[in-house]
Amino acid sequence: MNYTTQMDAARKGIVTPQMEIVAKKEQMPVEKLMELVASGKVAIPANKLHTALSPEGIGKNCRTKINVNLGVSPEHNNHEEELQKVQSAIDMKAEAIMDLSNFGKTRDFRRKLVGMSTAMIGTVPMYDAVGMLDKDLKDITVDEFFSVVEQHAEDGVDFMTIHCGMNLKTAERIKRNPRLTNVVSRGGSLLFAWMEMNKKENPFYEYYDRLLDICEKYDVTLSLGDACRPGCTHDSTDAAQIEELITLGELTKRAWDHNVQVMIEGPGHMVLTEIAANMKIEKRLCHEAPFYVLGPLVTDIAPGYDHITSAIGGAIAGSCGADFLCYVTPAEHLRLPSVEDVKEGIIATRLAAHAADLAKGIPGAQEWDDAMSKARVDVDFEKMISLAIDPVKARKYYESSKPECEGTCSMCGRMCPARTMKKILAGEDVSLLDEC
């Protein structure tokens with residue numbers, strides 16, 4: 001290979017196999033895609049060791065992608081169930097899966113995940129440090145932190161969330177400006193605690209070039225984590241969040257100097273009227289790097305329904321420039337999601353992503369809607385079901401209440417407007433009394 005990363009290849013004018021696949025998926029000339037990758041406006045997370053990967057582009061002029069979180073925890077350590085979630089996510093066309101395992105020796109699970117997954121794989125090495133090293137957080141050394149990062153890269157992980165922007169300056173601002181929900185990022189809170197206990201700078205900020213060397217070696221995309229993302233609508237767009245975002249913008253340019261691809265992670269919780277402004281601020285401060293958002297959740301009152309609050313915010317965020325949506329399930333804030341929760345979260349987030357793609361005019365988005373509309377005007381229920389985002393559920397609903405009149409549903413029956421118009425425009429009489 002005459003290049004180190006997808007960005008390096010693009011800057012050298014080399015069309016990689018990954019670029020060819022992504023260009024075809026995005027209905028984009030490969031030359032245009034190369035320009036976007038070279039400038040950092042599109043990332044193609046593709047670890048050299050992830051051989052099962054079907055690569056995707058994240059960023060400008062690309063379809064809005066979605067990510068699925070899963071992984072074992074001390075309270076729920078069932079690898080078989082998590083692998084069921086993995087297969088479900090792949091079957092339901094999620095483009096990325098993040099392994100957020102934070103219990104015990106996670107390497108076997110991570111390797112199985114990478115080996116079976118055509119989707120991009122992400123991790124947060126900070127979650128794995130205590131279990132992998134068998135040491136308490138305070139006692140972990142800088143070298144040991146980086147050894148965990150390197151192991152994840154060796155295992156074929158395509159992108160890593162690392163909270164490099166949580167430095168001493170940002171931490172001090174959090175302490176001076178108390179929040180209602182403090183720091184809700186798990187990785188961010190762990191780094192904050194390590195810094196406070198050891199009275200030292202964040203090692204991933206202080207030794208950032210060391211991190212970039214690892215990412216460049218394996219072509220791992222760096223997902224710059226938002227340790228200060230708001231955990232409630234009350235805390236959104238505050239000083240700590242913006243302070244960190246400024247730092248992430250500076251770190252983005254340093255990564256690009258190493259040919260390391262970057263994504264920026266964002267909020268979080270925020271009211272509807274703040275979403276568009278946050279998308280613009282991120283794109284401005286972080287030089288149009290791809291933006292990866294959790295939700296955002298537009299209200300804090302919906303435990304059990306946060307896949308809905310998230311999808312509302314995600315659709316708006318995507319239409320205003322967000323490139324990558326992290327799913328939220330009905331179990332958010334309550335427990336580890338079940339296999340069924342994962343499905344509900346994926347569907348809600350895919351709907352948000354598609355709604356955003358329609359608004360952005362992404363090639364292929366309107367065609368899908370038009371095909372569904374054509375099937376409806378033709379009163380073709382088989383076609384409607386096949387085009388549905390969840391064909392299994394669509395068929396279950398249709399067949400659970402069979403209509404008396406073939407070619408209609410039990411909502412309208414003979415009064416189906418599509419059936420009426422189809423008949424009358426074909427020159428046929430319409431009768432509401434005769435047998436079908």
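We count residues from 1, following the sequence as given.
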Side-chain ion pair, [X] and [Y], N-O less than 4.0 Å:
X	Y	answer
Lys65	Glu26	yes
Lys175	Glu196	yes
Asp341	Arg335	yes
Arg11	Glu35	no
Lys374	Asp378	yes
Lys393	Asp390	no
Arg63	Glu56	yes

Is the shortest heavy-atom distance from the side chain of [X] to the side chain of [Y] under 4.5 Å?
X	Y	answer
Ile174	Cys228	yes
Thr16	Met19	yes
Asn61	Met28	yes
Pro290	Lys41	no
Met7	Val260	no
Glu154	Arg107	yes
Arg186	Asn102	yes
Val37	Gln261	yes

Side chain to side chain contact (heavy atoms under 4.5 Å, CB included) evaluation trace for Asp136 with Met197: CA-CA 12 Å; Asp136 206 354; Met197 290 187 292; over 6 Å; no
Candidate pair Phe291 and Phe324, rule ring-ring contact (aromatic ring centres under 6.0 Å, His included), full reasoning: CA-CA 6 Å; Phe291 199 20; Phe324 194 18; over 10 Å; no
Looking at residues at least two apart in the chain, or sitting in another chain, which of them share a ring-ring contact (aromatic ring centres under 6.0 Å, His included) with [X]?
X	answer
His50	none
Tyr208	none
Phe109	His79
Phe204	Phe145, Phe146

Atom pair CG/CZ of Leu168 and Arg173 - distance to nearest 0.5 Å: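 Separation between the atoms: 13.5 Å.
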Contact list for residues 259-287, test salt bridge (Lys or Arg N to Asp or Glu O under 4.0 Å), sequence neighbours left out: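 As it turns out, the salt bridge (Lys or Arg N to Asp or Glu O under 4.0 Å) pairs with a partner in residues 259-287, which skip direct neighbours, are Lys283-Asp323.
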Neighbour count >12 (heavy atoms, 6.0 Å) for atom [atom1], [X]:
X	atom1	result
Tyr207	OH	no
Lys12	NZ	yes
Tyr305	OH	no
His234	NE2	no

Show which side-chain atoms of residues 115-123 pair as donor or acceptor with protein atoms under 3.5 Å away, not counting sequence neighbours.
| from | atom 1 | to | atom 2 | distance (Å) |
| --- | --- | --- | --- | --- |
| Ser117 | OG | Ala119 | N | 3.0 |
| Ser117 | OG | Ala119 | O | 3.0 |
| Thr123 | OG1 | His152 | ND1 | 2.9 |

With sequence neighbours excluded, what pairs up with [X] under the salt bridge (Lys or Arg N to Asp or Glu O under 4.0 Å) test?
X	value
Arg111	Asp155
Asp213	none
Lys112	none

Side-chain donor/acceptor pairs under 3.5 Å, residues 307-318, sequence neighbours excluded:
| from | atom 1 | to | atom 2 | distance (Å) |
| --- | --- | --- | --- | --- |
| Thr309 | OG1 | Asp306 | O | 3.1 |
| Thr309 | OG1 | Asp306 | OD1 | 2.9 |

Counterpart residues, side-chain contact (heavy atoms from CB on, under 4.5 Å), relative to Leu336 (two or more places apart):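 Expected list: His76, Glu82, Lys85.
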Derivation and outcome, side chain to side chain contact (heavy atoms under 4.5 Å, CB included), residues Met263 and Thr221: CA-CA 7 Å; Met263 299 186 292; Thr221 297; 4.1 Å; yes
Show every donor-acceptor pair shorter than 3.5 Å between a side-chain atom in residues 343-354 and any protein atom, with sequence neighbours excluded, or say none if there are none.
| from | atom 1 | to | atom 2 | distance (Å) |
| --- | --- | --- | --- | --- |
| Thr349 | OG1 | Gly345 | O | 2.7 |
| Arg350 | NH1 | Met92 | O | 3.3 |
| His354 | NE2 | Asp369 | OD1 | 2.5 |

